[in-house]
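Residue numbers begin at 1 in each chain, while the letters A, B, ... track the order of the sequences.
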There are 2 protein chains.
Amino acid sequence: MNSEKNAPIGVFDSGVGGLTVAREIMRNLPDERIVYFGDTARVPYGSKSKATVLRYSRQIVRFLKTQKVKAIVVACNTASALALDTIEEEIDLPILGVVRPGASVAVQATHNKKIGVIATESTIHSNLYQTLIQREDPEITVYGKACPLFVPLVEEGWTKDSITVEVAKRYLAELLEKDIDTLIMGCTHYPLLRTLLRRILGEQVTLVNPAYETSQALKRMLEELGLENDTHCPAGEKYQFYASDTVEKFNAFANSILPYDIKTTKQIPIEEY
Amino acid sequence: MNSEKNAPIGVFDSGVGGLTVAREIMRNLPDERIVYFGDTARVPYGSKSKATVLRYSRQIVRFLKTQKVKAIVVACNTASALALDTIEEEIDLPILGVVRPGASVAVQATHNKKIGVIATESTIHSNLYQTLIQREDPEITVYGKACPLFVPLVEEGWTKDSITVEVAKRYLAELLEKDIDTLIMGCTHYPLLRTLLRRILGEQVTLVNPAYETSQALKRMLEELGLENDTHCPAGEKYQFYASDTVEKFNAFANSILPYDIKTTKQIPIEEY
């Protein structure tokens, strides 16, 4: 374990979506440094196999360890669902995914014990949300729905578009028929559709954003381990960004969702780690 | 050059889309053997940079050479647009992309000298269709439109869906305003939307499918080089399939568009080539 309290948190995702998790960490743990890695040369993970996502995640963890991180956040739902269990057993660093925090909050939120999960195909097929939720409360029924068009719709910028409303109505119809009272947004892009989803779901359904819950779980974990940063870090060094593809598109997206301008993202050859 | 006439043709794509090109080669060059590679662990290429697509394409070409292919077809529009020029200069095998054949036929098809191109973001940004078309006829105007939602819509199976009609109307509106009389389907998935596109475009617009044109260009190339296969190949050995991710999904898609069942696809670690 890297017990340097002022070492950074490693945060990784298949691409840019995990920046929504990084943003929550920045908001809720403002003293912590972050090293973010987005696997933009191999994005997306959501349609790929467990073996492939695990191989990619291991390479990224090896890269983050070269950056002397004190803890790792798997900001990608698919990698959390497919790779985290294995990686946890392999490394000597505290590590946290987005699935467990989201599942726990959903268990607390539901009244009628009917929870919906929207996510990528691979996350839904992993059944991990269902497994974790039912471990906490076996009486809860979990309804999963893969929503493969949501990420491309968000990336097209159509987050308030009538076409996206139609797609969302189609995807959500079967969950609403099941009378869910809680819905987990189980992919990092989906919180960017929050307003639109809210309009279709109505006010009765609690929307769970694992990004926020993960920042809270990270805070508790660092406190328990006595790993909270207690030194001041100059603003320019606080957040470091890395990507596996060229960085122009990464920076453009990052600048659209983070509260300050990113210019210093570096490209690294992740296949070599 | 591998002058073995009975060696296979290497065909590669970022994933399964290039099977539409392989299918045309099977139909129009029924005596030729094929080794197909789909980069399903890193798909898609259409949103990635030139440098990354070139690196991936070089690895695949190295793999195909280990399979003793006599010629290579780049069945991916994005790889044809971003990597083919460089790779052509590096290898000693005849190689052919899908962009040039599609561009040539569009030049012959247009009457009003207004051609539309629909393709991935990276293909459109490369401007290669425009460059090649205007090299043949500088008076032609080319209008490009990136259609990033078409591939996920096809993969969702919504090829005849009202939502796909709405998306296509949106994408095609600006091309129709320009009064194009010819439209190149510049991504291997798009021919699977042919019926829907035809309905929106009307009968006046000629739809160009580079997959078919590429099979014809391949035929001419093999004839010119005296490389046509003149031996009989047992059916079971004729077509070999490889993918970089696990093969279940690949086989499912392949079996939906090829006229026979695929069972023997092998996974290979393409990063190591």
Review point. Chain A: which of B:Ser47, B:Ala146, B:Ala51 shares the most heavy-atom pairs with it under 4.5 Å?
Key: B:Ser47
**Study point:** Atom group of A:Asp161 that falls short of 4.5 Å from chain B, counting heavy atoms
**Key:** side chain
Revision key, fill the gap. Counting heavy-atom pairs under 4.5 Å with chain B, the top scorer among A:Val151, A:Leu149, A:Val53 is A:Leu149
Exercise for review: Measure distances from A:Tyr56 to the heavy atoms of chain B and classify the residue's part below 4.5 Å as side chain, backbone, both or neither.
Suggested key: side chain
Exercise for review: Hey, could you give me the CD1/OG1 distance between A:Ile163 and B:Thr164, rounded to the nearest 0.5 Å?
Suggested key: 9.5 Å
Check your understanding: Is it the side chain or the backbone of A:Val43 that comes within 4.5 Å of chain B heavy atoms, both, or neither?
Key -> both
In a table with atom names and distances, give each donor-acceptor pair under 3.5 Å that connects a side chain of residues 152-160 of chain A to protein atoms at least two apart or in another chain.
residue  : atom : partner  : partner atom : Å
A:Glu155 : OE2  : A:His189 : NE2          : 2.8
A:Glu156 : OE2  : B:Tyr171 : OH           : 2.6

Practice item. Name the option with the most non-hydrogen atom pairs under 4.5 Å to chain A; the candidates are B:Thr52, B:Asp39, B:Val167. Key: B:Thr52
Review point. Would the number of heavy atoms belonging to other residues, nucleotides or ligands and lying under 6.0 Å from CD of B:Glu90 be above 12?
Key: yes
Study note, to complete from the structure: Among residues 254-273 of chain A, those lying within the under-4.5 Å heavy-atom range of chain B are A:Gln267, A:Glu271
Exercise for review: Select one option (side chain, backbone, both, neither) describing which atoms of A:Glu248 are under 4.5 Å from chain B's heavy atoms.
Suggested key: neither
Review point. Would you call B:Thr246 and A:Lys50 a side-chain contact if the rule is heavy atoms closer than 4.5 Å?
Key: no
Check your understanding: For A:Thr40, is it the side chain, the backbone, both or neither that has a heavy atom under 4.5 Å from a heavy atom of chain B?
Key -> backbone
Practice item. Keeping the roles fixed (side chain from A:Lys249, backbone from B:Lys48), state whether a donor-acceptor pair exists under 3.5 Å. Key: no
